[in-house]
There are 2 protein chains.
Amino acid sequence: MDITIKDIARIAGVSTATVSKALNNSALVKPSTKHKINEIAEQMGYQPNIAAKSLVSKKSRTIGAVWPNVDRATLTTLATKINDEFNKNGYSMILSINPAESAIQLFNQIQVDAILVFDRSDPNSYAGPIASKVPVLCYGEPASKGFPSVYVDRRKAMFKAVEYLWSLGHRKITYIGDVSNKRISQQEKHIGFTDGVIEFGLTTHPSMIVNSNGLESNEGYKAALKLLASSYKPTAIISGTYDLTVGILRALQQENKRVPQDISLISYDNIPQMESLPTAITAVGGPIDGIAKKVVESVLCMIDKQEQLPLLQTVEPELVKRDSCRSCSGEINKN
Amino acid sequence: MDITIKDIARIAGVSTATVSKALNNSALVKPSTKHKINEIAEQMGYQPNIAAKSLVSKKSRTIGAVWPNVDRATLTTLATKINDEFNKNGYSMILSINPAESAIQLFNQIQVDAILVFDRSDPNSYAGPIASKVPVLCYGEPASKGFPSVYVDRRKAMFKAVEYLWSLGHRKITYIGDVSNKRISQQEKHIGFTDGVIEFGLTTHPSMIVNSNGLESNEGYKAALKLLASSYKPTAIISGTYDLTVGILRALQQENKRVPQDISLISYDNIPQMESLPTAITAVGGPIDGIAKKVVESVLCMIDKQEQLPLLQTVEPELVKRDSCRSCSGEINKN
DNA sequence: ATGAAAGCGCTAACAC
DNA sequence: GTGTTAGCGCTTTCAT
């Protein structure tokens, strides 16, 4: 860092206090002085020193985000949105790909105003509460690590998916998801599906739920192939994630099953990318924009008021209809 | 931030200067005092204020990384490695997913010690040099934006791939890559391939190069299908990226082509994930560990000595043999 | 409307 | 070995 408000003050022939006020657009400075100072700052290429600023003001207008080292399309899309939203509010977001504990410690030292944890943690690896002076918000897992969290009700989302398919006349539906995954977010999808199965009295079958044993597209591909090879012939599939859906579509195409003519498909993950798949996929999940808004809003609220946020804020899932489902006049529900 | 060295000093009955020295493990403090101070700091949960530290010392021991908003497996793997490497050297890395220009500005304000740009920029979007007091290193594109860079010689990498296949007896080879991509990194792969074609006098064919029109696995899939439908019957394929390879493998499997029995396959991107594909894939590319070391080393060098780094540091590509290539006693080279 | 001065938490001379 | 002091760049009373 080279040029400081002192330099500007000297050149403008005013005090540093005035420069500071002018640069912060204080009403206490005559417009003409303000203008002059801004011009000088501009042409000298002045960059405020955030370290100094936050040392005195206790505010850095910076948010620290803890980022998981796995990359999943959905999270990236969301993070980009949240980043934009913070920018709009005059905040900058910086990420750390260190483990949560050390990332949070780092952010405390850097003096960010708040911390946002994109949580992917395996609950088994939970090592007790993490200390943080700076307020922390979690996204992804409900109330994980003891911090307040924003969470999409995946259980309800999946129920909605079943409900929608039911309303279209589907009676044989399969869920493909990472059923053995220990994360709450994955388990809730599973439960939401069975909620629907029970609510609508669907006849069960061993292949009604296919375990993808993972969340990558290739695993969706394999699961779908397994399903198609089974005796169960569902008229609709519900997929647990975007990536799985990509794989499922590939398997379907390979086996000459058209979507939605031969089989309907709904995916979890309410992201724009669903639009660009070979068939535009009908999806359920928290609306990205809505989540981003809620998250940013919550973080800013933590910063402004010192009050503690509720431990769990739920985002209502939405169903976005596209081209991958069609009504089904197929076989009648046995019950 | 609550507790400061002042508090510690008071409790320990020493001056803040001594506390500062003790905490920084200076040799000028009696071991017993040092020990006492460290204990007090520990149990009070003292966290140093980086803002204050860097304000006075002009060093934050923090590296800012500019992160592209597209996620590609290779970059993530590399970033994780680099992050670890920085940690080992007592540095923290923070990322920004803002556009390069604003990210660099942010990092200058935060007073990071150096900036690392993971470059994915379209050269057409190049908006002239970006100002930065803090030293900047680019990874990904050669000397992009006018900053010194670490770059893997992709041209040589692809040449090596052809050379290796040639040595195994292959004479009909296809390159599947994003040939229309304007980024130097993609173009160099293309050129490296043709280098090999010319060097070894391979007979050309319209389907010798298949444009994937993108870098996603689905595009690799489609390109491979197109290739298989053509009149060209190569004995080996060279793929431009990991993601393309994933798609190519899927297409091959679908068409009942076994790797390497029916066709050999080499991929660019020298990452561990190659090992876990259905067939362990022989790959060329910069070794992740080597790149990470070079990058971190270069960054630290920029910080320590004030000298400017060479504008272009090249990382030598390596060929890692796995199970996806086999020698070919097929048809003889026409020349 | 502007300036003087104090101080944020820390380090680095320099003195003792 | 330890303490004193000054000051990093900035904001913020409080005077003027």
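All heavy atoms count here, side chains included; hydrogens, waters and symmetry mates do not. In the text below, chain A, chain B and the rest are named by the order of the sequence lines, each starting its count at 1. Source: prediction; values computed, not measured.
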- Message: Tell me whether R10(B) is salt-bridged to D7(B), with the criterion being a basic N under 4.0 Å from an acidic carboxylate O.
- Response: yes
- Task: Strictly below 4.0 Å, heavy-atom distances to any atom of DNA chain D: list the hits from residues 32-45 of chain A, or just say none.
- Result: none
- Item | d(CD1, I8(B); P, dG9(C)) in whole Å | 13 Å
- Map I50(B) and P31(A) onto DNA chain C by nearest heavy atom, then report which one ends up closer to the 5' terminus. P31(A)
- Using whole Å, report how far CG of N25(B) lies from P of dC10(C). 17 Å
- Task: To the nearest Å, give me how far apart CG (D7(A)) and C1' (dC10(D)) are.
- Result: 13 Å
- Item | Ion pair K88(A)/E85(A), N-O distance below 4.0 Å | yes
- Whole-Å distance between dG9(C) P and K59(A) NZ? 13 Å
- What's the CD-C1' distance between Q111(B) and dC10(D), to the nearest Å? 12 Å
- Let me know the distance between NZ of K6(B) and P of dT4(D), rounded to the nearest Å. 14 Å
- Quick one: R10(B) CZ to dG3(D) P, roughly how many Å, whole number? 15 Å
- Message: Both A52(B) and V14(B) contact DNA chain D. Which one's nearest nucleotide lies toward the 5' end?
- Response: V14(B)
- Message: Would you compute the distance between atom CD1 of I37(A) and atom CG of L23(A) and round it to the nearest 0.5 angstrom?
- Response: 7.5 Å
- Query: Just wondering, are more than 12 heavy atoms of other shown residues or ligands nearer than 6.0 Å to NZ in K34(A)?
  - Reply: yes
- Taking atom P of dC10(D) as reference, at what distance in whole Å does atom NZ of K58(A) sit? 17 Å
- Output yes when at least one side-chain N/O atom of S15(B) is less than 4.0 Å from OP1 or OP2 of dG3(D), else no. yes
- Message: If the condition is side-chain contact (heavy atoms from CB on, under 4.5 Å), which residues does S298(A) pass it with, not counting sequence neighbours?
- Response: L137(A), V150(A), K294(A), L309(A), Q313(A)
- Task: Determine the sole option in L55(A), N108(A), I110(A) for which the side chain to side chain contact (heavy atoms under 4.5 Å, CB included) test with N49(B) is passed.
- Result: L55(A)
- Item | Nucleotide-resolved protein contact map, nucleotides 11-16 of chain D, B/S/- at heavy-atom distance under 4.0 Å | BB----
- Is a donor on one side and an acceptor on the other found under 3.5 Å between the side chain of S26(A) and the backbone of N24(A)? no
- Would you call D113(A) and R61(A) a salt bridge, using N to O less than 4.0 angstrom? no
- Indicate yes or no for a side-chain donor-acceptor contact from T16(B) to the backbone of A9(B) under 3.5 Å, with no hydrogens or angles considered. no
